[in-house]
*Asks:* 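Before we start, here is the structure in question, set down as structure tokens.
Naming convention: chains lettered A, B, ... in sequence-line order (proteins, then strands); numbering from 1 in each chain.
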Protein chains: 2
Amino acid sequence: MTSTPLLARPTGLRADSARNRALLLECARTMLARDPANTSLNSLAVAAGVGVGTVYRHFPNTRVLLESIAVDAFAVLLERIRVLEVHSGGAAAFEEMIRTTFELLADDPGLAAVLAQPDFECADVHDIAIEFSGLVAAMIASARTVGALRPSITADDIRRLLNGLHTATQGLAPARRSEYVDVLLAGLRPPS
Amino acid sequence: MTSTPLLARPTGLRADSARNRALLLECARTMLARDPANTSLNSLAVAAGVGVGTVYRHFPNTRVLLESIAVDAFAVLLERIRVLEVHSGGAAAFEEMIRTTFELLADDPGLAAVLAQPDFECADVHDIAIEFSGLVAAMIASARTVGALRPSITADDIRRLLNGLHTATQGLAPARRSEYVDVLLAGLRPPS
DNA sequence: ACCTGAACACCGTTCAAGT
DNA sequence: ACCTGAACACCGTTCAAGT
């Protein structure tokens with residue numbers, strides 16, 4: 001009874017299955033970009049020209065679809081954060097982490113969903129999330145040591161605040177958005 | 001052709017209509033408190049024991065229902081802000097306004113919806129919103145004069161930030177929530 | 001293995017028919 | 001003037017039947 005774990009990026013699919021999967025993901029991305037409100041699993045099936053059951057075979061629910069869309073961006077984000085931790089110092093790395101995450105967040109609708117609710121359906125996304133929050137925790141600790149961060153802030157607080165900032169800046173011009181990040185970063189420094 | 005405007009709190013209803021309205025609002029409040037995800041206009045009709053059409057007669061869509069639920073809390077909020085502006089000074093009044101709004105926001109699901117999207121269906125809620133944002137703008141101006149606020153912040157920014165903070169603190173203990181407000185307030189002060 | 005599409009429960013919304 | 005409930009389009013989800 002070796003039950004295969006749910007993966008955002010599964011391997012060893014039959015050729016037609018893999019083709020359908022890729023087609024569905026591409027359709028979903030364009031639909032989410034065009035009209036996110038009307039992006040349903042049923043309408044996705046129609047748009048892709050496959051049966052509803054095929055959509056549900058690949059993505060048992062909307063959450064899995066979003067995680068599958070997000071996994072690439074999430075992996076990129078993780079890699080950038082890793083680089084930051086090595087190259088920059090404590091406080092600077094932390095700030096760059098916030099900015100980078102926020103920027104990728106605004107570009108990927110799946111990533112926003114992933115960050116909004118930390119209960120992951122796909123094993124690989126879960127793994128990335130664990131490693132991500134570990135890195136964030138390390139950056140927090142290091143920034144705190146330098147006295148550049150409020151002592152009570154945790155990695156989950158950062159996740160929540162980034163998510164909140166994302167909803168706050170919905171539909172705002174990029175230039176204006178970066179100012180909101182400035183507000184957050186200033187607020188995170190320890191009170192004098 | 002004097003078309004009656006849509007009101008969150010209409011007057012001159014027939015006795016049975018007014019009774020139904022009150023019943024629906026009470027049912028909706030308890031349903032939203034118990035299980036917000038499953039609070040639909042159809043299930044509200046069932047819970048209240050009236051036809052679906054009756055619900056739609058009183059509340060043409062979910063937004064109107066939420067505004068109708070929010071109008072009382074919104075009026076209370078407006079009154080408190082008015083008092084603040086008179087009694088406190090510029091910077092203090094601004095900070096108290098943020099705290100007060102945020103607290104009422106957490107207690108009223110309707111108010112959160114109202115703040116999330118500033119396109120109002122009910123005339124009276126619209127009026128309150130206009131006056132509210134006017135007062136906020138005045139407080140902003142006054143706090144800015146004292147040098148206690150970032151110059152670029154507008155009343156709409158405050159609305160967005162409060163909304164974002166609300167989603168960020170979803171499901172958090174009240175004590176922890178107030179710390180998020182501290183972060184926001186610190187971030188809103190002008191960078192040194 | 002994988003795909004199809006009918007089917008069911010549910011939701012938002014409308015409207016003819018009633019009092 | 002207001003209420004009722006059938007009805008329609010849509011969405012999430014399941015599953016028997018096919019290849």
*Asks:* Decide side chain to side chain donor-acceptor pair (under 3.5 Å) for A:T145 and A:S142; before the verdict, give the C-alpha distance in whole Å, the side-chain angles of both, and the deciding distance to 0.1 Å.
*Replies:* CA-CA 5 Å; A:T145 315; A:S142 140; 5.9 Å; no
*Asks:* Output the rounded distance in Å from CG (B:D16) to C1' (D:dA1).
*Replies:*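 So the CG-C1' distance, B:D16 to D:dA1, works out to 8 Å.
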*Asks:* For B:D72, enumerate each residue passing the salt bridge (charged side-chain N to carboxylate O under 4.0 Å, His left out) test, keeping only those at least two apart in sequence or located in another chain.
*Replies:*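 B:D72: salt bridge (charged side-chain N to carboxylate O under 4.0 Å, His left out) contacts with B:R9.
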*Asks:* Rounded to whole angstroms, how far apart are CG on B:N20 and P on D:dA1?
*Replies:*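 Taking CG of B:N20 and P of D:dA1, I get 17 Å after rounding.
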*Asks:* When you measure from the side-chain N and O atoms of A:H58 to the phosphate of C:dC3, is any distance below 4.0 Å, counting only OP1 and OP2?
*Replies:*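 Yes, A:H58 has a side-chain N/O under 4.0 Å of OP1/OP2 on C:dC3.
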*Asks:* Ignoring hydrogens and geometry, is there a side-chain-to-backbone donor-acceptor pair from B:R150 to B:R144 under 3.5 Å?
*Replies:*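 Side chain of B:R150 to backbone of B:R144: no pair is present.
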*Asks:* Identify the two heavy atoms, one from B:L104 and one from B:A73, that lie closest to each other, and give their separation to 0.1 Å.
*Replies:*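 Shortest heavy-atom contact: CD1-O, 4.0 Å.
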*Asks:* Between P on D:dC2 and CZ on B:R57, what's the gap in Å once rounded to a whole number?
*Replies:*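 One finds 5 Å between P of D:dC2 and CZ of B:R57, rounded.
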*Asks:* When the distance from CG of B:L23 to P of D:dC3 is rounded to whole Å, what number comes out?
*Replies:*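 B:L23 atom CG is separated from D:dC3 atom P by 11 Å.
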*Asks:* How does each nucleotide of nucleotides 5-15 of chain C score, in 5' to 3' order, for protein heavy atoms under 4.0 Å: base (B), sugar-phosphate only (S), or none (-)?
*Replies:* BB----SBBBB
*Asks:* Check the phosphate of C:dC2 against A:R14, side-chain N and O only, distance under 4.0 Å to OP1 or OP2. Yes or no?
*Replies:*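 So the side-chain polar atoms of A:R14 never come under 4.0 Å of the phosphate oxygens OP1 or OP2 of C:dC2.
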*Asks:* Reading DNA chain C 5' to 3', what string of ( ), [ ], | and . shows its pairs, if Watson-Crick and G-U wobble pairs count only when both distances fall under 3.5 Å?
*Replies:* ||.|||||...|||||.||
*Asks:* With side-chain contact (heavy atoms from CB on, under 4.5 Å) as the test, pick out the partner of B:F120 among B:V64, B:V114, B:L6.
*Replies:*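 That would be B:V114; it is the only one of B:V64, B:V114, B:L6 passing the side-chain contact (heavy atoms from CB on, under 4.5 Å) with B:F120.
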*Asks:* Apply the side-chain contact (heavy atoms from CB on, under 4.5 Å) test between B:L188 and each candidate in B:V183, B:L161, B:D157; give the one that qualifies.
*Replies:*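 With B:L188 as partner, B:V183, B:L161, B:D157 yield a single side-chain contact (heavy atoms from CB on, under 4.5 Å), made by B:L161.
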*Asks:* To the closest 0.5 Å, what do you measure between CG (A:L13) and NE2 (A:H58)?
*Replies:*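 It is 7.0 Å, given to the nearest 0.5 Å.
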*Asks:* Counting distance only, does the side-chain N/O of A:T169 pair as donor-acceptor with the main-chain N or O of A:L172 below 3.5 Å?
*Replies:*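 Looks like no, no N/O pair under 3.5 Å.
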